Novice: 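Pasting a structure below so you can have a look.
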Amino acid sequence: MKIKSILLALLLALALPLMARPGDAEKEAGAAAEESPLARFTPEQKEKLLAGEAIYEHVEEKGEDGKLHGHGQSSALIDAPIDEAFKIFCQYDKHQLYFPRKTKSDVVKTEGEVSWVHKEFDFSLITIEYTVKYVKDEKNHRVDFEMDPSYPHDLKDTAGYFHFEKVDEKKTLITYAATKVETGLKVPSMVQNYLTSKDLPTVVINIKKRIESGGTWTKED
């Protein structure tokens, strides 16, 4: 009897993992998938975000060529639901009202979820113009952009993205990344410095202010 009791206990121990309730695995996977995007930041970065400040990071990622490529990006926490935040941001023809240095943001044409936007920036001693192609991903709340060289342009090349991530029902994380900025010989290096690092935190803070105001806040002249 004692041997039978031991065997029965062993069988029960082996069977218990198989007796998990249906859907448990899916619930665990869902919980992992819904982990807050704030979890990837350091405690110091998270503290700044929760205080309403922007953070700047230099990120290195492996490209298709297998080499590491670095780019600058900034993030901020917006007190607004993600759908509302994304809708206000995607009014491209209003960007000149709150983006730093931007004086023009004219939608040249739109084909489906792709829009071509002519942009002009004032850097006091120099004005630069070019046209970017914005590709909107409504499902993932992301807008990727790259310069369209078929239009007149003062920059050699530029690309990046704006990504909105849901934190909870009332908060959204915005990340703006400048993955490529090549000014070329005609544009001073200080312009590249602003476009790749110095202006990034200001951009996300201005986006935050615009969205939190319901789309009414504008920058000072």
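Since we're looking at a predicted model, the values are computed, not measured.
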Novice: Closer than 3.5 angstrom, by distance alone: can the side chain of Thr158 be matched with the main-chain N or O of Lys180 as a donor-acceptor pair?
Specialist: yes

Novice: Are side-chain heavy atoms of Val114 and Lys133 found at a separation under 4.5 Å?
Specialist: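 The answer is yes; the side chains approach within 4.5 Å.
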
Novice: What pair of heavy atoms forms the shortest contact from Ser74 to Val204, and how long is it?
Specialist: O-CG1, 3.6 Å

Novice: Please report the C-alpha distance between Leu38 and Val167 in whole Å, then the side-chain angles of each, then the deciding distance to 0.1 Å, and finally whether the side chain to side chain contact (heavy atoms under 4.5 Å, CB included) criterion is met.
Specialist: CA-CA 7 Å; Leu38 298 181; Val167 175; 4.0 Å; yes

Novice: When you compare the side chain of Val143 with that of Asp137, does any pair of heavy atoms fall below 4.5 Å?
Specialist: no

Novice: For the hydrophobic clusters of this structure (ILVMFWY residues joined by side-chain heavy atoms under 4.5 Å, transitively), does one cluster hold both Leu155 and Ile126?
Specialist: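 Yes, same cluster.
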
Novice: If you measure only the distance, is there a donor-acceptor pair under 3.5 Å linking the side chains of His71 and Gln73?
Specialist: yes

Novice: Between the side chains of Thr103 and Gln96, does any donor sit under 3.5 Å from an acceptor?
Specialist: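 The answer is no; no qualifying pair exists.
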
Novice: For Tyr130, give me all partners under ring pair (Phe, Tyr, Trp, His ring centres under 6.0 Å), at least two apart in sequence or on another chain.
Specialist: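 Partners of Tyr130 under the ring pair (Phe, Tyr, Trp, His ring centres under 6.0 Å) test: Phe121.
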
Novice: Taking all non-hydrogen atoms of both residues into account, name the closest pair between Ser75 and Leu49 and its distance.
Specialist: O-CD2, 3.6 Å

Novice: Give the C-alpha distance, both sets of side-chain angles, the deciding distance and a yes or no for side chain to side chain contact (heavy atoms under 4.5 Å, CB included) between Asp154 and Thr183.
Specialist: CA-CA 8 Å; Asp154 295 321; Thr183 57; over 6 Å; no

Novice: Run the ring pair (Phe, Tyr, Trp, His ring centres under 6.0 Å) test against Phe41 and tell me which residues pass, sequence neighbours left out.
Specialist: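 Checked Phe41 against ring pair (Phe, Tyr, Trp, His ring centres under 6.0 Å); zero matches.
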
Novice: Return yes if some donor-acceptor pair links the side-chain N/O of Ser105 with the main-chain N/O of Tyr92 below 3.5 Å, else return no.
Specialist: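 Yes; at least one donor-acceptor contact below 3.5 Å.
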
Novice: Quick check: does any side chain N or O of Asp144 sit under 3.5 Å from a backbone N or O of Val135, one acting as donor and the other as acceptor?
Specialist: no

Novice: Any link between Val203 and Phe123 through a network of hydrophobic side chains (Ile, Leu, Val, Met, Phe, Trp, Tyr) touching at under 4.5 Å?
Specialist: yes

Novice: Applying side chain to side chain contact (heavy atoms under 4.5 Å, CB included), run through His163 and Ile174 and close with a yes or a no.
Specialist: CA-CA 6 Å; His163 190 199; Ile174 167 68; over 6 Å; no

Novice: NZ of Lys102: more than 12 outside heavy atoms within 6.0 angstrom?
Specialist: yes

Novice: Donor-acceptor pair, distance only, cut-off 3.5 Å: does the side chain of Asp168 make one with the backbone of Lys170?
Specialist: yes

Novice: Would you call the rings of Phe86 and His141 parallel, tilted or perpendicular if under 30° counts as parallel and over 60° as perpendicular?
Specialist: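 Because their plane-to-plane angle is over 60°, the rings of Phe86 and His141 count as perpendicular.
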
Novice: Same hydrophobic cluster for Ile88 and Trp217, using side-chain heavy-atom links shorter than 4.5 Å among ILVMFWY?
Specialist: yes

Novice: Between Thr131 and Val117, is any pair of side-chain heavy atoms under 4.5 Å apart?
Specialist: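 Thr131 does not reach Val117 side chain to side chain.
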
Novice: When you compare the side chains of Glu129 and His153, does any donor N or O come within less than 3.5 Å of an acceptor on the partner?
Specialist: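 No - no donor-acceptor pair under 3.5 Å links their side chains.
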
Novice: Which residues pass the salt bridge (charged side-chain N to carboxylate O under 4.0 Å, His left out) test with Lys139, not counting sequence neighbours?
Specialist: none

Novice: Just wondering, do Asn140 and Phe164 contact through their side chains at under 4.5 Å, heavy atoms?
Specialist: no

Novice: If I take atom CD1 from residue Ile205 and atom NZ from residue Lys209, how far apart are they, to the nearest 0.5 angstrom?
Specialist: 7.0 Å

Novice: Could you tell me which non-hydrogen atom of Ala85 sits nearest to which non-hydrogen atom of Ile211, and how far apart they are?
Specialist: O-CD1, 3.5 Å

Novice: Verify the neighbour count for atom CD of Glu57: are there more than 12 heavy atoms of other residues, nucleotides or ligands below 6.0 Å?
Specialist: yes

Novice: Tyr176 and ring pair (Phe, Tyr, Trp, His ring centres under 6.0 Å): which partner among Phe162, Tyr56, Phe99?
Specialist: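 Of all the options given, the one that passes is Phe162.
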
Novice: Are Leu173 and Ile78 close enough that some pair of their side-chain heavy atoms sits under 4.5 Å apart?
Specialist: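 Sidechains of Ile78 and Leu173: no contact.
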
Novice: Got a second to check how far Asp157's CG is from Asp148's CG, nearest 0.5 Å?
Specialist: 10.5 Å

Novice: Roughly how far, to the nearest 0.5 Å, is the NZ atom of Lys198 from the CZ atom of Arg101?
Specialist: 9.0 Å

Novice: Quick one: pull up OG1 in Thr179 and CD in Glu146 and give me the separation to the nearest 0.5 Å.
Specialist: 9.0 Å

Novice: I need the minimum non-hydrogen distance between Arg40 and Pro37, along with the two atoms involved.
Specialist: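 Nearest heavy atoms, Arg40 then Pro37: CG-O, 3.2 Å.
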
Novice: For the atom pair CG (Leu97) and CD (Gln91), what is the distance rounded to the nearest 0.5 Å?
Specialist: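 So the CG of Leu97 and the CD of Gln91 are separated by 10.0 Å.
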
Novice: Kindly indicate whether a cation-pi arrangement holds for Arg142 with Tyr161, taking the cut-offs as under 6.0 Å to the six-membered ring centre and within 45° of the axis.
Specialist: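 Verdict for Tyr161: a cation-pi partner in Arg142.
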
Novice: Should the pair Lys119 and Phe145 be classed as cation-pi, given the thresholds of under 6.0 Å to the six-membered ring centre and 45° from the axis?
Specialist: yes

Novice: Does any N or O in the side chain of Thr172 come within less than 3.5 Å of the main-chain N or O of Ile82, such that one atom is a donor and the other an acceptor?
Specialist: yes

Novice: Rounded to the nearest 0.5 Å, how far does OG1 of Thr110 lie from CH2 of Trp116?
Specialist: 8.0 Å

Novice: Are His95 and Phe89 near enough that their ring centres are under 6.0 Å apart?
Specialist: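 Under 6.0 Å, so yes.
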
Novice: Does any non-hydrogen side-chain atom of Lys46 lie less than 4.5 Å from one of Glu44?
Specialist: no

Novice: Would you say the side chain of Cys90 lies within less than 4.5 Å of the side chain of Lys136, judging by non-hydrogen atoms?
Specialist: yes

